[in-house]
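We name chains A, B, ... by the order of the sequence lines, and we start the count at 1 in each one. These numbers come from the heavy atoms of this one structure, side chains and all, not from hydrogens, waters or symmetry mates.
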Number of protein chains: 2
Amino acid sequence: MAFALSGVMRRRARTSPGDRCPIDRTMQVVGTRSAILLMREALFGTFKFDDFVARTGLTEAVVASRLRALVVADLLVREPYQEPGQRTRHGYTLTDSGRDLMPAVLSLGQWGAKHAPGTIARQFSHADCGEPVRAVVECAAHHRLAVEEITVE
Amino acid sequence: MAFALSGVMRRRARTSPGDRCPIDRTMQVVGTRSAILLMREALFGTFKFDDFVARTGLTEAVVASRLRALVVADLLVREPYQEPGQRTRHGYTLTDSGRDLMPAVLSLGQWGAKHAPGTIARQFSHADCGEPVRAVVECAAHHRLAVEEITVE
DNA sequence: AACCTGGCTTGTGAATTGCATAGTTAGGTG
DNA sequence: CACCTAACTATGCAATTCACAAGCCAGGTT
């Protein structure tokens, strides 16, 4: 059982290249509140440092530190920009790797919107056709699947 | 900007019913390593306490404590069972709420399998047609979408 | 009754996270 | 040059998580 390996690694060795479990590895990168909120914002189009701070409500210290970690983890890249009469500053944009987190961020949001009382969910739609967007589980033949219809090996 | 509210709540008040951000709320329930690993196992069919322990590699203390929290959070329920000649024991099964985490768990796993080196991904397939299963982002008209094709309000 | 043992409960310590706060740095302008 | 200030860096603190280990409890059997 390959997944048992993840437990053989103590928590302090979580960064070991020996971690085999994909979920465990994803959580190591975006499993903190600050990381997931920042990735949420990046996926929703936020670019500037002060917007990340304002929209997540995290402190500047945490935003700076975590954005740096997300850049190191290759989820974001810094891009210089300059507004007239101001210094050169840096914004943060997604890498391909960062973009690939969209299904996870969407589905985490969907779960909270459905099951956590008092949440205010954002609305997502397809720019071209206007239909609402969400994350779904399906097979390659486009069958929409419930948990019981899935086999795991 | 409704999402700024989540930051107004200090971290120590994260359990406040004032949290409005769906993702933040989901992470409060399953944002720990132990919770996500246990939910992974429950979604993949694990039922017995000692199997949760063996398959996650977490300690019994953590499994017991976290399973209890997941029951309180209405993601799992305890079910008594008894094998011949043994005591009554309890297994853990999914609630509807727990089942609804499947897209999130799948997509977190997909991301790790694709982007984290050295991971060993499980294979999921549709029991009926045998086609591989995954989490995707699409609109109600079944268009498969990239990040740039989604508008947020 | 005693015994066994699976599933906890409890306590300790290390690591991590994020808040609050003070301070620093560097890219501009005047 | 001085000044401004956005984006950090650094520090102290509290809370949380999880590993480790000891101990407890309760449902069975004998």
Side-chain angles (χ1 to χ4, degrees), chain A residues 4 6-16 19 21 24 27-38 46-54 56-73 76 78-92, chain B residues 6-16 19 21 24 27-39 46-54 56-73 76 78-92:
Chain A
S6 69
V8 178
M9 300 296 155
R10 302 284 186 247
R11 187 183 181 200
R12 88 184 48 142
R14 271 173 63 184
T15 54
S16 158
D19 284 6
C21 169
D24 209 349
M27 291 297 277
Q28 281 170 40
V29 177
V30 298
T32 60
R33 177 168 178 263
S34 58
I36 201 73
L37 293 185
L38 288 169
T46 298
F47 173 69
K48 292 153 61 176
F49 183 88
D50 61 352
D51 285 338
F52 279 109
V53 171
T56 58
L58 298 164
T59 62
E60 289 185 3
V62 169
V63 169
S65 172
R66 188 60 64 188
L67 281 176
R68 182 179 187 158
L70 292 171
V71 168
V72 168
L76 299 175
R78 283 162 59 95
E79 288 190 18
Y81 72 98
Q82 190 171 19
E83 288 169 358
Q86 292 190 26
R87 62 168 55 201
T88 300
R89 294 151 75 179
H90 290 88
Y92 296 82
Chain B
S6 69
V8 179
M9 301 297 155
R10 301 282 186 250
R11 188 185 180 201
R12 89 183 47 140
R14 271 174 63 187
T15 55
S16 158
D19 284 8
C21 170
D24 209 348
M27 293 296 279
Q28 281 171 42
V29 176
V30 296
T32 60
R33 177 167 178 265
S34 57
I36 201 71
L37 293 185
L38 289 168
M39 287 310 299
T46 297
F47 173 69
K48 292 152 61 174
F49 183 88
D50 60 351
D51 286 336
F52 279 108
V53 172
T56 57
L58 298 163
T59 63
E60 290 186 2
V62 168
V63 168
S65 171
R66 189 60 65 188
L67 282 175
R68 182 180 187 158
L70 291 171
V71 168
V72 167
L76 298 175
R78 283 163 58 98
E79 288 188 17
Y81 72 98
Q82 189 170 18
E83 287 170 358
Q86 293 189 27
R87 62 167 56 203
T88 300
R89 294 152 75 182
H90 290 89
Y92 295 82

Let's see if you can work this out: which of C:dC8, D:dA10, D:dT17 has an atom nearest to the side-chain heavy atoms of A:Ala61? D:dA10
Nearest-Å distance, CE (A:Met27) to C1' (D:dT17)? 12 Å
The reported gap from CZ in A:Arg33 to CZ in A:Arg66 (rounded to nearest 0.5 angstrom) is 12.0 Å
Check this one for me: any side-chain N or O of B:Thr59 less than 4.0 Å away from OP1 or OP2 of D:dA19? yes
Between residues 79-86 of chain B and DNA chain C, which residues have a heavy-atom gap below 4.0 Å? none
Report yes if a side-chain nitrogen or oxygen of A:Tyr92 is closer than 4.0 Å to either non-bridging phosphate oxygen (OP1 or OP2) of D:dC8; otherwise report no. yes
Rounded to the nearest 0.5 angstrom, the OH-CG distance for B:Tyr92 and B:Leu67 is 5.0 Å
Please verify the inter-ring angle class for B:Phe47 with B:Tyr81; under 30° counts as parallel, over 60° as perpendicular, anything in between as tilted. tilted
What is the separation between atom CG on A:Leu67 and atom C1' on D:dT9, rounded to the nearest whole Å? 14 Å
Without decimals, in angstroms, what is the distance between A:Phe47 CZ and D:dA7 P? 11 Å
First locate atom CD of A:Glu60, then atom CG of A:Asp50, and finally report the distance between them rounded to the nearest 0.5 Å. 8.5 Å
Return the value, rounded to whole Å, for the distance between atom NE2 of A:His90 and atom P of D:dT5. 21 Å
In whole angstroms, the gap separating C1' of C:dG18 from CZ of A:Arg66 amounts to 9 Å
Take atom CG of B:Leu37 and atom P of D:dT17, then tell me their distance rounded to the nearest Å. 14 Å
Could you tell me how far apart A:Arg78 (CZ) and C:dG27 (C1') are, to the nearest whole angstrom? 13 Å
Check whether any side-chain nitrogen or oxygen of A:Arg68 sits under 4.0 Å from OP1 or OP2 of D:dT9, and answer yes or no. yes
Spacing of B:Leu37 atom CG and A:Asp24 atom CG [to the nearest 0.5 Å]: 5.0 Å
Donor-acceptor pair present, A:Arg89 side chain and D:dA7 base, under 3.5 Å: no
Interatomic spacing from OG1 in B:Thr56 to CE in B:Met39 - rounded to 0.5 Å: 13.0 Å
Report yes if a donor N or O on one partner sits less than 3.5 Å from an acceptor N or O on the other, where the partners are the side chain of A:Arg33 and the base of C:dT17; otherwise report no. no
Integer-rounded Å distance: C:dT9 P and B:Glu60 CD: 12 Å
Does B:Ser34 place a side-chain N or O at less than 4.0 Å from the phosphate oxygens OP1/OP2 of D:dC18? yes
Identify, between A:Val62 and A:Arg87, the residue whose nearest nucleotide on DNA chain D lies closer to the 5' end. A:Arg87
Nearest 0.5 angstrom please: B:Gln82 CD to B:His90 NE2, how far? 10.5 Å
